[in-house]
2 protein chains.
Amino acid sequence: MKEEDGPKMVEKKRSYGQHCTVARALDAVGERWTLLLVRELSTGPKRFKDLLGGLPGIGTNLLAGRLKALEAEGIVRRATLPPPAGSNVYELTGLGGELEPVIVALSRWGARLLDAPGEEDAVSAGWAAVAMRSALGPEASGGRPGTYGFRIDGEAFHVRVGHGGEEVEARQDPAPDPDLIVEGDAETFLAVASRRLSLEEAVQSGTLRTEGEQEGDREAFMAWCKHLIGSAAG
Amino acid sequence: MKEEDGPKMVEKKRSYGQHCTVARALDAVGERWTLLLVRELSTGPKRFKDLLGGLPGIGTNLLAGRLKALEAEGIVRRATLPPPAGSNVYELTGLGGELEPVIVALSRWGARLLDAPGEEDAVSAGWAAVAMRSALGPEASGGRPGTYGFRIDGEAFHVRVGHGGEEVEARQDPAPDPDLIVEGDAETFLAVASRRLSLEEAVQSGTLRTEGEQEGDREAFMAWCKHLIGSAAG
DNA sequence: CGGAATCCTCTTCGATACTG
DNA sequence: CAGTATCGAAGAGGATTCCG
């Protein structure tokens, strides 16, 4: 049973060793940080440094190791951005992109556990994009088609809703042609998103600004928020 | 920053410390073994010993610790079975049951990674029940309403399909009123479920037996199997 | 700048032994 | 049967360094 340490031991991966679909999935993406890494990449390609920023506390060695493992499993791929950027980025492959239902299910379930941000909690506007995208879907009302752009603490992202509330997409980059733009600081934005503060109040007090607002856009945005924090906020 | 060890240190839980729905969910159920434990309980209440059997390699201390943590978070609850059984079991709470979409999403994604069982892989018929339950759903064709009972290697479980393919349920106990019963050994059953062997061949060779079969039941069962192993088997 | 490699400490895991 | 206690092994997580 014991194997001699060859010079190039292939570093066998830890596995649950169960012939089960769930266990097999967790063998691939169940380790610590891995699904959060997929979450980061689910809103678009990212550089190593961006990923470090989006995963506070991970450490460079662990991130590099996770990326390498995911690449070996065909979930993540390295790519070079077209000029003039030309930077090396990591992005999800097709297989990796198909993890979206997993992220969505986790986000929806976790929404009911998420209360107001604690003192020590890190906050990123991009995470709200994932939550918004997950809250939407075929059965969620309020999925009014359109493109909603956000610029929160200088960080841009957008959510695009297709027809019938399906084909929802969240990306961590500026919207090309937004129907509505919401701009402001993360604290206020999160307060609105979790309905601790109404959008009207935030806009009137000047802490949040909107652009290009059409009739009903604001209501559609608020309708999302009803789904962001589940039953907790009543 | 350093805190003195008080006599009743509340044993702070490790957390990603991110104000994000996904991270929050993983704080609760993202540790090693935890989601597999939820999988085990998703097919019905289980005793400590049953859980140990369904999670080979977990170690008793770790299982006890996970159960305690999940109980503290309101995901799992202890219960006593009604007489004459009277045994102590663990079961999912409402909150825990709502993790089902997470299990389903993982199972569906993991299905495409699951190939033929390796030599070292543990096998359990109950896991196939979870895979079958996950493969079904609103959008999966072939969800013919009815109750399908299985007795594989002496282990009984059943899958019940409601109207329109929704309300699918998998339980690790005998079906009360099955429309179709499939009985046999795990190896053959898994071969059929993954379409490496046709049900007809298995029945004709006597390694699998069916009872109470009605017109179309067999076809409905085979239709499931098309979803068990995704694109891999073409 | 992007990322890999090293070192060291701490926590968690995993197997076994032990107790109510 | 249901756990607790224990201990070696493995992984996490910082800091720092090296290399292209």
Side-chain angles (χ1 to χ4, degrees), chain A residues 1-3 5 9 11-18 23 26-27 30-37 40 45-72 76-81 84-91 120 122, chain B residues 1-3 5 9-18 23 26-27 29-37 40-41 45-72 76-81 85-91 120 122:
Chain A
M1 208 62 124
K2 181 76 172 298
E3 197 161 4
D5 271 12
M9 198 70 168
E11 189 184 343
K12 60 186 162 195
K13 218 195 158 210
R14 173 146 75 159
S15 159
Y16 287 111
Q18 299 183 1
L26 291 173
D27 278 343
E31 289 175 286
R32 185 164 168 81
W33 292 111
T34 302
L35 278 170
L36 290 186
L37 177 49
E40 289 298 306
K46 301 266 186 306
R47 291 173 302 170
F48 190 90
K49 184 189 170 187
D50 299 329
L51 293 171
L52 269 183
L55 301 169
I58 193 180
T60 62
N61 52 353
L62 198 44
L63 176 55
R66 290 285 186 271
L67 283 169
K68 197 174 295 182
L70 287 173
E71 203 179 342
V76 162
R77 150 181 69 217
R78 302 187 58 148
T80 304
L81 246 43
S87 42
N88 290 327
V89 293
Y90 295 89
E91 64 183 10
E120 320 224 326
Chain B
M1 208 59 122
K2 182 76 174 297
E3 197 160 5
D5 273 9
M9 199 68 169
V10 196
E11 188 185 343
K12 59 187 160 196
K13 220 198 154 199
R14 172 145 73 160
S15 159
Y16 287 109
Q18 299 183 359
L26 292 173
D27 278 343
V29 298
E31 290 175 285
R32 187 163 166 81
W33 292 112
T34 301
L35 278 171
L36 290 186
L37 177 48
E40 289 297 305
L41 294 178
K46 300 266 185 305
R47 291 172 302 171
F48 190 90
K49 183 194 169 186
D50 300 328
L51 293 172
L52 269 183
L55 302 168
I58 192 181
T60 59
N61 56 348
L62 198 45
L63 176 56
R66 290 286 186 270
L67 283 168
K68 200 172 293 184
L70 288 173
E71 203 179 342
V76 161
R77 148 182 71 218
R78 302 188 57 149
T80 304
L81 248 44
S87 43
N88 290 326
V89 294
Y90 294 89
E91 64 183 10
E120 320 223 326

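Below, chain A is the first sequence line, B the second, and so on; all start at residue 1.
Rounding to whole angstrom units, CG of residue Leu81(B) and C1' of dA2(D) are separated by 16 Å. Rounded to a whole Å, the CG atom of Leu70(B) is 14 Å from the P atom of dG3(D). Rounded to a whole Å, the CZ atom of Arg78(B) is 9 Å from the P atom of dA2(D). For the pair Glu31(A) CD and dA10(D) C1', the interatomic distance rounds to 12 Å; values are reported in whole Å. Residue Leu63(B) contributes atom CG, which lies 16 Å from atom C1' of dT16(C) at whole-angstrom precision. In this structure, CD of Glu71(B) is placed 13 Å from C1' of dG3(D), rounded to the nearest angstrom. For Phe48(A) and dA4(C), the CZ to C1' distance is 8 Å, given to the nearest whole Å.
Across all non-hydrogen atoms, the minimal contact from Trp33(A) to Leu62(A) is CD1-CD2, 3.7 Å. For the pair Glu71(A) and Arg78(A), the tightest heavy-atom approach, listed with the atom from each and the gap, is OE2-CG, 3.5 Å. The shortest heavy-atom contact between Asp27(B) and Ser15(B) is OD2-OG, 2.9 Å.
For the pair Leu70(B)/Tyr90(B), no side-chain contact is recorded, criterion being any heavy-atom separation below 4.5 Å from C-beta on.
Here CG of Leu67(B) is found 12.5 Å from NZ of Lys46(B). Values are rounded to the nearest 0.5 Å. To the nearest 0.5 Å, atoms CD (Glu31(A)) and CG (Leu37(A)) are separated by 11.5 Å. For the atom pair CD of Glu91(B) and CG of Leu81(B), the computed distance is 8.5 Å after rounding to the nearest 0.5 Å.
Arg66(B) has a side-chain polar atom (N or O) that falls below the 4.0 Å cut-off from OP1 or OP2 of dC13(C). Taking side-chain N and O atoms only, Tyr90(A) has no distance below 4.0 Å to OP1 or OP2 of dG2(C). Phosphate proximity of dG3(D) to Lys68(B): absent, as no side-chain N or O sits under 4.0 Å from OP1 or OP2. A sub-4.0 Å separation between OP1 or OP2 of dG13(D) and a side-chain N or O of Arg14(B) is present. For dG3(C), neither phosphate oxygen OP1 nor OP2 lies less than 4.0 angstrom from any side-chain nitrogen or oxygen of Arg47(A). Contact check, Trp33(A) against dG13(D): a side-chain N or O comes under 4.0 Å of OP1 or OP2. Residue Arg32(B) places at least one side-chain N or O closer than 4.0 Å to OP1 or OP2 of dG14(C).
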What would the secondary structure line of DNA chain D be in dot-bracket form, counting Watson-Crick and G-U wobble pairs under 3.5 Å, with [ ] for pairs that cross earlier ones and | for pairs with another strand? |||||||||||||||||||.

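Between the side chain of Arg66(A) and the main chain of Arg32(A), a donor-acceptor pair closer than 3.5 Å is present.
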Please tabulate, for side-chain N and O atoms in residues 50-58 of chain A, each donor-acceptor pair with protein atoms closer than 3.5 Å (sequence neighbours left out).
| unit_1 | atom_1 | unit_2 | atom_2 | d |
| --- | --- | --- | --- | --- |
| Asp50(A) | OD1 | Arg47(A) | NH2 | 3.3 |
| Asp50(A) | OD2 | Arg47(A) | N | 3.2 |
| Asp50(A) | OD2 | Arg47(A) | NE | 3.2 |

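Listed by residue number, the members of residues 51-62 of chain A with any heavy atom below 4.0 angstrom from DNA chain C are Thr60(A), Asn61(A).
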